[in-house]
Amino acid sequence: MSELFLSDEILMSVEKPSRYIGHEINMVEKDINNVDIRFALCFPDVYEIGMSYLGIQILYDMFNKRNDTYCERVYSPWPDLDKKLREEDIPLFTLESQSPVRDADFLGITIQYEMCYTNILQVIELSKIPLFSKDRTKADPIVIGGGPCTYNPEPIADFFDMFYIGEGEVSYDKLFDLYKRYKKTDMTREEFLHEAAKLDGIYVPSMFEVTYNDDGTIYSYETKYDDIPKRVKKVIVTDFNSVPYPLKPVVPYLRATQDRVVLEVMRGCIRGCRFCQAGMIYRPTRMKKASMLMEYADTLVKNTGYDEISLSSLSTSDYDELPELINYLIDNFKDKHINVSLPSLRIDAFSLDVMSKVQDIRKVSLTFAPEAGSQRLRDVINKGLTEEVILSGAKQAFSGGWNKVKLYFMMGLPTETLEDVEGIATLSEKITELYFETVPKEERVGSVQITASAAYFVPKPFTPFQWAPMLDRATYLEHAYHVKDTINQQLNKKRIKFAYHDEDISIIEAVFARGDRRLSRLILDVYKKGQIFDAWTEFFHMENYLTAFEEDGIDPKFYTERERDIDEVFPWDHIDAGVSKQFLKNEWLRAKEGKITENCRDKCNGCGAASFGCGICFKK
């Protein structure tokens, strides 16, 4: 067992020292002197958040199954330890071997959210690795990024040696084999990066050069060498039932945000919601066999001791074998007092039978996502729900014994009006009234409670709304206040709670989501002003960003409030997510006309995902 890197004095001086000591249940231990590759796997947020992410567990398990590789973990140190490390000049370290991150061969950073960008710089700097890729030598780790934000990696491109575009189970073996050759020969770092850029799904920013038009838009992306792809196409798992799954995940000492067994039932989504980046970049839909998931559940419960099982996917209601899987989980774990939780479900596909069986174990609130308050706007975003279907689903839920409902909406959607957002309040009221109409007084346990929350819509790359302007800050707040005022006019106002997302954080998220390489300097400047943990409202300071925008001569509205020309070259056009730009254009035009597009199960709309030769694209 490795000795702790930090002294007892330091550990006792920080909040939750168990974030930094490792040695958790199911942690993998190897001799660092007997492996060829050491991979420091990083989630650039606090330990409790990072330990909740399934992707880290999948890669950790997969890498450590290789005899020549030792995968270790590192998370962003909380501000209290961050301060200690800087004051005492202590390098950031991995949990497994309790050794400096800079001694690893790779620093792999999963990038789930744009507001973690300053934390990425925190991790690199505390690891004592040069911040810019161009300044690193063969003695430094290869800094590689993965996750959904890599579909537009340009704002942070200067800090990374490479990005992995797609699903991690596919191309890492080839990359590791190439790295071992690089490590054992006189191959230069530039030569290694050049060769890596030829691998499927590997994007090396230094191999691409960008030029701009006079108006600040992008003119072109060109490769430095003719033998690397002009566009980097994502890699995906084509046989979802054949890939490894972590059956002995690391179990933290302290409670993580998602402290439960997770069963990934499918990847991708058959729905075509025009606001949803995940629904586009994770196409095509692929499902795991229920029989396999049943075996996973049994093993995972034994290996972790968790008392809850959660089904993970973008739209669990669309999983083909949901009834069989739920019935098995209920029948096998009910007597063991293990709860089965379902993620956000589509109301039109929700099963009363399934719902009643789940609630027999433990009643928790149900989460539905109408996304928009009016039917007109739901058609614009292609949600595929009518008010009749929403109310019918809510009635089924109330009949099944539920009285707490969470409703997720967005404000600032393209073409949105005050009348549209007013529907958030009136729909919440209708659902509340439906409860009293559906549940007899003598059968009520407590009272109905509706919690409506609204996010500030951010147009994302590889969605039909990538051309759309973001709603300006003042109008967003006007819409939010109008919802609150309308709720206060409802008969059941005391039973409806409403909250909306921080407007400033969403604006910066939008800048980064659709930004280009010119933002790398801005991110560094903001970081130098002390910004880390921007996703946490208590640490986010908009004034630092406003100052940096002014100092660097960058207008944030260029990235947020400007509607894109239909033929504009985007910062992410050299990334191929498998969904064609022409398809997205067509969907943007259909959105403006309020036209619905059928889902992938009902009709193939030619998005381009069939090029992968798998999943729902080839299922009758």
Side-chain angles (χ1 to χ4, degrees), residues 271-277 279 344 346-348 367-394 405-434 450-460 463-493 496-503 506-507 509-510 560-564 587-597:
R271 308 292 166 175
C273 298
R274 294 175 178 133
F275 59 84
C276 182
Q277 185 187 52
S344 181
R346 289 183 62 86
I347 300 176
D348 61 342
T367 302
F368 297 138
E371 308 296 1
S374 72
Q375 188 57 49
R376 185 199 71 82
L377 197 53
R378 281 192 290 274
D379 290 345
V380 168
I381 67 177
N382 204 45
K383 184 62 182 176
L385 284 178
T386 63
E387 182 174 296
E388 181 183 359
V389 169
I390 293 171
L391 295 177
S392 174
V405 175
K406 294 180 180 179
L407 300 173
Y408 286 165
F409 297 93
M410 287 180 288
M411 293 189 301
L413 290 161
T415 76
E416 181 178 279
T417 66
L418 282 176
E419 185 178 355
D420 293 317
V421 296
E422 192 174 293
I424 295 174
T426 56
L427 180 61
S428 299
E429 171 67 16
K430 289 178 180 179
I431 293 175
T432 306
E433 293 173 354
L434 188 64
I450 307 296
T451 301
S453 63
Y456 191 170
F457 172 65
V458 174
K460 289 293 179 82
T463 68
F465 290 162
Q466 63 185 352
W467 284 275
M470 186 181 185
L471 194 68
D472 66 271
R473 183 180 188 273
T475 307
Y476 168 75
L477 292 174
E478 178 190 355
H479 287 195
Y481 298 152
H482 186 67
V483 174
K484 294 180 70 173
D485 291 343
T486 307
I487 287 175
N488 287 331
Q489 298 170 16
Q490 305 305 310
L491 179 64
N492 293 289
K493 61 184 179 182
I496 303 172
K497 295 181 179 179
F498 175 67
Y500 57 93
H501 286 200
D502 183 278
E503 64 276 11
S506 297
I507 289 170
E509 177 189 348
T560 57
E561 297 179 19
R562 178 177 62 86
E563 181 171 350
R564 273 59 171 168
E587 283 297 287
W588 171 230
L589 298 176
R590 290 177 67 83
K592 289 183 172 183
E593 297 173 359
K595 292 182 178 179
I596 291 291
T597 298

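For Glu371 and Arg271, the salt-bridge test fails: no basic side-chain N is under 4.0 Å from an acidic carboxylate O. Between Glu387 and Lys430 there is a salt bridge, with a side-chain nitrogen of the basic residue lying less than 4.0 Å from a carboxylate oxygen of the acidic one.
The closest donor-acceptor contact from the side chain of Arg274 to the backbone of Thr463 lies at 3.5 Å or more, if one exists at all. Using a distance-only test at 3.5 Å, with no hydrogens or angles considered, no donor-acceptor pair links the side chain of Arg562 to the main chain of Thr560. No donor-acceptor pair under 3.5 Å is formed between the side chain of Ser392 and the backbone N or O of Val389.
Around atom CD of Glu388, no more than 12 heavy atoms belonging to other residues, nucleotides or ligands sit under 6.0 Å away.
Using cut-offs of 30° and 60° for the angle between ring planes, the Tyr476 and Tyr456 rings count as parallel. In this pair, Tyr500 and Tyr481 present their aromatic rings perpendicular. The plane angle is above 60°, beyond the 30 to 60° band.
Residues Ile381 and Phe465 have side chains in contact (heavy-atom distance under 4.5 Å, counting atoms from C-beta outward). Looking only at side-chain heavy atoms (C-beta outward), Val380 and Leu413 stay at 4.5 Å or farther from each other. In this structure the side chain of Leu471 reaches within 4.5 angstrom of the side chain of His479, judged on heavy atoms. Here the side chains of Ile431 and Leu391 are in contact, with some heavy-atom distance below 4.5 Å. Proximity of Ser428 to Ile487: side-chain heavy atoms (C-beta onward) are nowhere separated by under 4.5 Å. Looking only at side-chain heavy atoms (C-beta outward), Cys273 and Lys383 come within less than 4.5 Å of each other.
Glu561 contributes atom CD, which lies 8.0 Å from atom OG1 of Thr475 (distance to the nearest 0.5 angstrom). The distance from the CG atom of Leu385 to the CZ atom of Arg378 is 7.0 Å, given to the nearest 0.5 Å. Atom CZ of residue Arg590 and atom CD1 of residue Ile596 lie 8.5 Å apart, to the nearest 0.5 angstrom. Residue Glu416 holds its CD atom at 7.0 Å from CE of Met411, rounded to the nearest 0.5 Å. Separation of atoms OG (Ser453) and NE2 (His501) is listed at 5.5 Å; rounding is to 0.5 Å. Summarising the geometry, atom CG belonging to Leu589 is positioned 8.0 Å from atom CH2 belonging to Trp467; distances are rounded to the nearest 0.5 Å.
In summary, the side chains of Asp485 and Gln489 do not present any donor paired with an acceptor at a separation below 3.5 Å, with no hydrogens or angles considered.
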Salt bridge (charged side-chain N to carboxylate O under 4.0 Å, His left out) evaluation trace for Glu509 with Lys460 | CA-CA 10 Å; Glu509 177 189 348; Lys460 289 293 179 82; 3.1 Å; yes
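The two residues Ala452 and Phe409 come nearest to each other via the heavy atoms CB-CE1, 4.1 Å. The two residues Ile390 and Pro370 come nearest to each other via the heavy atoms CD1-CB, 4.1 Å. A pairwise comparison of heavy atoms in Leu377 and Thr415 identifies CD1-OG1, 3.7 Å as the closest pair. When all heavy atoms of Glu429 and Leu491 are compared, the pair lying nearest together is OE2-CB, 3.6 Å.
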